Amino acid sequence: MSQQFQAPPGTFDVLPPDSARYTELVARFAGHASRAGFGLIVQPMFEDVGVFQRLGGSTDIVRKEMYDFEDKGGRRIALRPEGTAPVARAYVQHRPSVPWKVWYLTPKFRYERPQAGRFKQHHEVGAEALGTDDADLDVELIALAWFFYADLGLSRVRLLLNSLGDGTCRPAYRAALQAFLEARRDQLCDEHKDRIADNPLRVLDCKRPACQEATKDAPRQLDHLCEPCAAHFARVTSGLDALGIPHTVETRLVRGMDYYTRTTFEFAAEALESAQNAVGGGGRYDGLVEQLGGPATPGIGFGLGIERILLACDAEGVFAVPESRTDVFIVDTTGQAATRLAHRLRQAGVRCDRAFDGRSMKAQMKAADRAGARLALIIGDDEAAAGTVSVRGLQGLRGEGGQETVAMDDVVDYVRGLLT
RNA sequence: GUGGCCGUAGCUCAGUCGGUUAGAGCGCCAGGUUGUGGCCCUGGAGGUCGGGGGUUCGAGUCCCCUCGGUCACCCCA
């Protein structure tokens, strides 16, 4: 007995017709991104593990959720757990002129237990822009994501916004927060007692009631911004206002990677019941390129989770993409005509399909119907002898059920005329 | 990594108190109509009941283990 395999835990196959939503979603995002001056970046699925380790050492994503291994050449490799660091790595490697604006479609891998809206491999579309710290760019990125969601039909998405400060104001704030947390160490949950030293901001993000209560009056980064950071944030919020993008300032919003500075944001789908309601997130990372060995270069970007977006669309009842498989189906019982006719139609830009295995006319007509074709092109013995094709209208096309006889030589043009 | 729930046909599910050849609907194939789809009718194919072990005269049903799924914690897209 042969072994049956299935997709590894936490992964999945997306088959037609469901995959039509993926292609349509990506096409829409590509449209928004290219209209905003972003070009596609295609990158490896894996990187030297150091690309990720060097900048997220105290985050769970890097500490315990990374798919890393040694390859046959003894290199330490990690499947990409996130998309920003590889883009920064590419920037350092190629030094493109700035501002450098790229968008991507990528799978992301995280070793964690699957759950509603959470997988070991999921897919994101995203955008990154490097080379300027102008707050207008922050607004442009956020607007790109925001109006992309709107384009899909989503209306119940909430933008959460925060500023984490920079190298000037963050250290002082961090120290003040650590002092505050140390004084209340006993009230924190066990897990976060240990995080005060290495990642105090993370404690603010804890959802346990005990932690929430203990940190209720904790100092807020937003109140400790230096003057330039405060001005930057004010320009971001006023820019969003100018575009009519509603936002909620969420002072506890920390996000998953250590490299974020200044603007951070997250998009929460309120239609999703599950705990996994973040459909996108991102922020500014003005120190990242330098940490990866490049020149000091500011940057900002985001990633949007395709699977969660589709879940949110289902919950809101929007973005139903009808499967559209073919326009024309060739019913050929002679076994002599279908191959050439299909080729001619396809070369002429007509979507067409056909049956195989020499099935009966009835079976081929059934197949034509199931394929969603608007026209059946019938070639039986009579047509073959006369050099003609019977063109029959199927569902959706005017004259449905009607049938006409057309010369084989003219049928491609005739069909194109009917379909336009 | 921790915990709850669930595994019967390709899909959605039924299966009585443990009882003899494991069912339905949908889907698929064929026929009804030797050249015509949808609707209808008839028939057919398709299952080691997730896997292994145990209890029993007898296990889809009870017990243990295991694998898988799912949901939650954690974390995030």
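Numbers restart at 1 for each chain; the letters A, B, ... are given by sequence-line order, proteins then strands. Quick caveat: nothing in here was measured; it's all calculated off a predicted structure. Values reported hereafter were calculated over all heavy atoms of this structure, with side chains retained and with hydrogens, waters and symmetry mates removed.
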Q.
Quick check on B/C76: is either OP1 or OP2 less than 4.0 Å from any side-chain nitrogen or oxygen of A/R202?
A. yes
Q. Mind checking whether A/W100 and A/Y91 have parallel, tilted or perpendicular rings, split at 30° and 60°?
A. tilted
**Q.** Euclidean distance for C1', B/U21 against B/G25 (whole angstrom)
**A.** 22 Å
Q: Could you tell me whether A/E65 contacts a base, only the sugar-phosphate backbone, or nothing, with contacts defined as non-hydrogen atoms closer than 4.0 Å?
A: sugar-phosphate
Q. Roughly how many Å is it from CD in A/Q115 to P in B/G4, rounded to a whole number?
A. 16 Å
(Q) Within the 4.0 Å heavy-atom criterion, would you say A/R110 contacts the bases, only the backbone, or no part of the nucleic acid? (A) base
Q: Using the P atom on both, measure B/C39 against B/C26 and round to a whole Å.
A: 11 Å
Q | Any donor-acceptor N/O pair, A/R158 side chain to A/F267 backbone, under 3.5 Å | A | no
Q. Just by distance, with hydrogens left out, do A/T333 and A/R359 show a side-chain donor and acceptor under 3.5 Å apart?
A. no
Q.
Once you measure the plane-to-plane angle for A/F119 and A/F12, does it fall in the parallel (<30°), tilted (30-60°) or perpendicular (>60°) bin?
A. perpendicular
Q. Is there a Watson-Crick or G-U wobble partner for B/C29 with both distances under 3.5 Å, and which nucleotide is it?
A. B/G43
(Q) Using whole Å, what does the distance between atom C1' of nucleotide B/C76 and atom CD of A/Q121 come to? (A) 16 Å
Q.
Students often get this wrong, so: under 4.0 angstrom with heavy atoms, is A/I378 touching a base, only sugar-phosphate, or nothing?
A. base
(Q) Go nucleotide by nucleotide along RNA chain B from the 5' end; which of A/Y111 and A/K120 gets its closest nucleotide reached first? (A) A/Y111
**Q.** Nearest listed nucleotide, side chain of A/R359, among B/C29, B/G38, B/G31
**A.** B/C29
Q.
For a 4.5 angstrom cut-off between non-hydrogen side-chain atoms, does A/V254 reach A/Q221?
A. no
Q. Rounding to the closest angstrom, what is the interatomic distance between B/G3 and B/G60 at atom P?
A. 30 Å
Q. On a plain distance test, is the side chain of A/E383 in donor-acceptor contact with the base of B/G35 below 3.5 Å?
A. yes
Q) Got a donor-acceptor contact below 3.5 angstrom from the A/H247 side chain to the A/I245 backbone? A) yes
Q: Rounded to whole angstrom, note down the C1' distance from B/A22 over to B/C74.
A: 43 Å
Q) A/K366 has a side chain; which of B/G3, B/C76, B/G37 sits nearest to it? A) B/G37
Q. Which of these nucleotides, B/U36, B/C75, B/U70, is closest to any side-chain atom of A/Q403?
A. B/U36
(Q) For B/C76 and A/Q276 - does any side-chain N or O of the residue sit under 4.0 Å from the phosphate oxygens OP1/OP2? (A) no
Q) Would you say the base of B/A77 and the side-chain of A/R118 have a donor-acceptor pair closer than 3.5 Å? A) no
Q) If we take the P atom in both B/U66 and B/G10, what is their distance in whole Å? A) 27 Å
(Q) Rounding to an integer number of Å, can you tell me how far A/F329 CZ sits from B/G38 P? (A) 14 Å
Q. How is A/K362 classified with respect to the nucleic acid when contacts are heavy atoms under 4.0 Å: base, sugar-phosphate, or nothing?
A. base
Q.
Any strand counts, and the cut-off is 3.5 Å on both contacts for Watson-Crick or G-U wobble. Which nucleotide pairs with B/U55?
A. none
Q) What interatomic distance, in whole Å, is found between C1' of B/A77 and the corresponding atom of B/C67? A) 28 Å
Q.
Both distances below 3.5 Å, Watson-Crick or wobble geometry, any strand: find the nucleotide opposite B/A14.
A. none
Q. B/C76 C1' sits how many Å from A/K64 NZ, rounded?
A. 12 Å
Q: Please state the C1' separation for the pair B/C62 and B/U16 - nearest whole angstrom.
A: 16 Å
Q | Separation between the P atoms of B/U8 and B/U61, rounded to whole Å | A | 13 Å
Q. Regarding A/R184 and the six-membered ring of A/F180, is the cationic atom NZ or CZ under 6.0 Å from the ring centre and inside 45° of its axis?
A. yes
Q) Can you find a donor-acceptor pair, distance only, under 3.5 Å between A/Q364 side chain and B/U36 base? A) no
Q. Whom does B/C73 pair with, Watson-Crick or G-U wobble, provided both distances fall under 3.5 Å?
A. B/G1
Q) So what does A/G126 touch, heavy atoms closer than 4.0 Å: a base, only the sugar-phosphate, or nothing? A) nothing
Q: Only one of A/Q43, A/E124, A/R80 passes side-chain hydrogen bond (donor to acceptor under 3.5 Å, both in side chains) with A/T106; say which it is.
A: A/R80
Q) In whole angstroms, how far is the P atom of B/A77 from the CD atom of A/E128? A) 12 Å
Q: Any strand is fair game: report the nucleotide pairing with B/C49 by Watson-Crick or G-U wobble, both distances under 3.5 Å, or none.
A: none
Q. Rounded to whole angstrom units, what separation is found between the CE atom of A/M365 and the P atom of B/A30?
A. 15 Å
Q. Taking only N and O in the side chain of A/R255, is any of them less than 4.0 Å away from OP1 or OP2 of B/A77?
A. yes
Q. Ignoring hydrogens and angles, are the base of B/G38 and the side chain of A/D369 linked by a donor-acceptor pair under 3.5 Å?
A. no
Q. More 5' along RNA chain B: A/A116 or A/A363, using each one's nearest nucleotide?
A. A/A363
(Q) So for A/R370 and B/C28, does any side-chain atom that can act as donor or acceptor lie under 3.5 Å from a complementary atom in the base? (A) no
Q: Using whole Å, report how far CG of A/L105 lies from C1' of B/A77.
A: 13 Å
**Q.** Any N/O donor-acceptor pair, A/R392 side-chain to B/G35 base, under 3.5 Å
**A.** no
Q: Please state how far atom CG in A/L15 lies from atom C1' in B/C11, giving the value in whole angstrom units.
A: 13 Å
